[in-house]
Amino acid sequence: MQIFKKLAMLLCGIMYCVSIQAQEGSEMELTAAQVAAFMAPGWNLGNTLEATGYGTDAETAWQPTKTTQLVIDYVKAQGFKSVRIPCSWYIHFDSGTSTINSQWMARVKEVVDYCIKDGLYVVLNDHWDSGWLEDTFSDVSASTVATNKNTLTQIWTQVANAFADYDEHLLFAGLNEPGHSNGTFDAAMTAALVEYEQTFINAVRATGGNNARRVLVVQGPSTDITQTCNMMTTMPTDAVSDRLMVEVHYYDPWQLSGMTQDESWGTMAFYWGEGNHSGTNRDANWGEEDYVAQQMDKMKTAFADKGYPVIIGEYGAIWRDVTSNGGNQDLHDASIKLFYKTVTAEALKRGFVPMVWDENANQRNSFTLINRANCSVYGQPALEGIFEAVDEQTAPEAINVTISNSTYATLYYLNKALTVPDGVSAYAVAKNNGDLVMTDVGDVIPAGLPVVLNGQAGIYSFSVVNRYALFNGNNDLTGSEVAGTFGNDGAKYYVLSYKNKEKKIEEVGFYWLSGSRGAYATIKAHQAYLRYDAANANANGYTLCLDEGNATSDIGTMHAGGNLPDADGSMFNLAGQRVGSSYRGVVIRNGKKVVR
């Protein structure tokens, strides 16, 4: 059931209507950001379903172990929340046709089902797949692009139809590392990539059903962070909002991550990060901790801050035996652990989904974490690094939030759903036909949903809950997991504050701080703000105040964010029974009838 409360508001002197709607949810209701909040950390079933060869025997062409439910159970037991399944489709077309082999499709579904059974999220892609598209970016002529788009449509129409009944635990990713073998992207190559991504999206959406709202993942040029941020300035469009993610990969510096012999352009690096340098030419001379943070910041600014969650679809560094080169094995092991920990941590801090690459080679100089044959840990330094980062980023069981004398605060946690304590209400905020709409999110704030809080001044405890929570309304608020300063990208940033030094409660609102006015918006960790492109931002602030002359009858005096609770938070239903903040309907508070 939906409960509506309408309030008349003045925002910067303009009449706005506030509609507060109770939460309800159903299948495929999660946005990309909400799905991302449940996916970290992730793991790759590498070198398996993407291997060369026709038919089900291809599964063991590049690694020795057939995937079983026990393998996926073991992956989950390590603490992973999602599995990326690199997959080939084109090479499994039946001879002389564009039809995916039915036995191959059945086997892929079987592996996906292993993951879904364990409650894991799955990213299913079209991987290298013999390079039928990925290696063709040196030729972006109209005829080649048209041919590739036709094949891409055939692949994703079949895959989408085969998985049409799967819920939001299954995500599709159109490609893998587009153009990685074709050099640095130029404008023409980027335009072709966007066309391919658009074709993928259109093909999936056209199949309807759950696919009409499924979260889809698009890849940047070569899945390289710098190229993606520099070149992919135009995203493909989607008929449904908030259902796209962006994927990049992370293997920098390659001298540490993947180089297996010295080359003219560089030497292998065995040692990485603060405290791990040996003073030899085997130390990484670039790409260390600060660089990781800088690269992640680029993706946050270019995509996450604009509503596109980021997946680090692959990352890793080979674990070497350096003793044969006279190296310090303990120092190398510490370097590998720190690399995995740093990349994982910097991704998690920004709300990204890091998905580690694992190829099941079970030998040194490989990207191997788990020995699938006997379900044991092989790459101990890597696994320790990942989960040290996860543990350090895990929110406490309860989060204390201070609401100031303004009676308002903001709150954002990417990976934790939070209960709303008695005496507090939580709201999403969005524009709607020129109005600012505030929507009550209910008694649980979904993970990844930035909100405005309203209550009497005090410290409130928000308990962490391990269950799904859905929010169906629109929300223009953006949240930040880490502290940052914004305002230099041409957009307008609005932060919650008093209008001026007089600190009048009736003038609390979101006010613009931008570089063009000589100041920037400073956002603290786990706070929310409004960001509008300059073309869509027509005010210097939005004051939360009530036009009492236009208030709905029988509601009484209230602030924009909803009724302020009594000092002790007491509310009673019409039968005289005391009720909590999750109650929705007419209540008596401070002697007045109000609607929640």
Side-chain angles (χ1 to χ4, degrees), residues 2 21-42 80-85 112 115-125 160 163-173 201 204-205 207-218 238-247 303-304 306-311 313 348 350-355 395 411-420 426-428 430 439-451 464-479 481 528:
Q2 295 179 339
Q21 177 176 328
Q23 170 186 313
E24 67 177 18
S26 61
E27 195 173 76
M28 307 306 291
E29 290 297 329
L30 295 181
T31 65
Q34 290 169 330
V35 168
F38 296 111
M39 291 177 63
F80 291 105
K81 305 298 183 185
S82 59
V83 174
R84 180 174 178 259
I85 301 180
V112 171
C115 301
I116 299 297
K117 181 181 178 181
D118 278 345
L120 299 169
Y121 285 81
V122 175
V123 178
L124 182 65
N125 76 355
F163 291 92
D165 295 334
Y166 285 63
D167 70 8
E168 55 249 304
H169 281 79
L170 178 62
L171 295 73
F172 294 147
I201 293 169
V204 174
R205 296 291 183 236
T207 62
N210 285 351
N211 291 326
R213 305 184 73 178
R214 188 174 308 284
V215 173
L216 305 178
V217 185
V218 298
D238 193 3
V240 59
S241 61
D242 301 323
R243 295 297 192 280
L244 294 182
M245 296 186 185
V246 175
E247 179 183 356
F303 297 100
K306 296 177 182 178
Y308 300 103
V310 173
I311 287 182
L348 293 176
R350 292 157 182 81
F352 301 171
V353 180
M355 308 190 81
L411 183 63
Y412 174 72
Y413 270 85
L414 178 71
N415 296 313
K416 296 295 179 184
L418 304 170
T419 57
V420 180
Y427 302 98
T439 306
D440 192 327
V441 305
D443 62 347
V444 176
I445 302 170
L449 184 74
V451 295
V464 177
V465 291
N466 293 317
R467 65 180 176 89
Y468 291 116
L470 299 175
F471 173 70
N472 293 328
N474 296 322
N475 193 21
D476 287 352
L477 290 170
T478 296
E481 282 280 294

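The figures here come from the full heavy-atom set of this structure, side chains too, leaving out hydrogens, waters and symmetry mates.
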If you define the side chain from C-beta out and look only at heavy atoms, does anything of [X] sit under 4.5 Å from [Y]?
X: Asp440; Y: Tyr427; value: yes
X: Lys81; Y: Pro41; value: yes
X: Arg84; Y: Ile311; value: no
X: Tyr166; Y: Val122; value: no

(message) If the condition is side chain to side chain donor-acceptor pair (under 3.5 Å), which residues does Asn475 pass it with, not counting sequence neighbours?
(response) none
(message) Checking Asn210 now: which residues fulfil side chain to side chain donor-acceptor pair (under 3.5 Å) with it, not counting sequence neighbours?
(response) Glu27
Partners of [X] by side-chain contact (heavy atoms from CB on, under 4.5 Å), sequence neighbours excluded?
X: Ala304; answer: Lys300, Val310, Phe352
X: Ala173; answer: Val123, Asn125, Val217, Gln219, Glu247
X: Asp238; answer: Ile201, Arg205, Val240, Arg243, Leu244

[X] [atom1] to [Y] [atom2] distance, which is reported to the nearest 0.5 Å:
X: Asp167; Y: Ile116; atom1: CG; atom2: CD1; value: 6.5 Å
X: Leu170; Y: Leu120; atom1: CG; atom2: CG; value: 12.5 Å
X: Leu171; Y: Ile85; atom1: CG; atom2: CD1; value: 11.5 Å
X: Phe471; Y: Ile445; atom1: CZ; atom2: CD1; value: 11.0 Å
X: Thr31; Y: Asn474; atom1: OG1; atom2: CG; value: 11.0 Å

Which atom pair, heavy atoms only, marks the closest approach of [X] to [Y]?
X: Val441; Y: Ala428; value: CG1-N, 3.8 Å
X: Leu30; Y: Gln34; value: CA-OE1, 3.4 Å
X: Val204; Y: Thr207; value: O-OG1, 2.6 Å
X: Ala37; Y: Leu414; value: CB-O, 2.8 Å
X: Ser82; Y: Val353; value: OG-CG1, 4.4 Å

(request) Walk me through it: do Leu418 and Val444 pass the test side-chain contact (heavy atoms from CB on, under 4.5 Å)? (result) CA-CA 6 Å; Leu418 304 170; Val444 176; over 6 Å; no
(request) Evaluate the ring planes of Phe163 and Phe172, with Trp represented by its six-membered ring, and classify them as parallel (under 30°), tilted (30 to 60°) or perpendicular (over 60°). (result) perpendicular
(message) Tell me if a side-chain donor or acceptor on Glu481 pairs with a main-chain N or O of Arg350 at a distance below 3.5 Å.
(response)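 No, because the side chain of Glu481 does not come within donor-acceptor range (under 3.5 Å) of the backbone of Arg350.
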(request) Using a strict 4.0 Å threshold on nitrogen-to-oxygen distance, state whether Arg213 and Glu29 make a salt bridge. (result)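 Yes.
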(message) Could you work out, with ring pair (Phe, Tyr, Trp, His ring centres under 6.0 Å) as the rule, every residue matching Tyr308, not counting sequence neighbours?
(response)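 So Tyr308 forms no ring pair (Phe, Tyr, Trp, His ring centres under 6.0 Å) with any residue.
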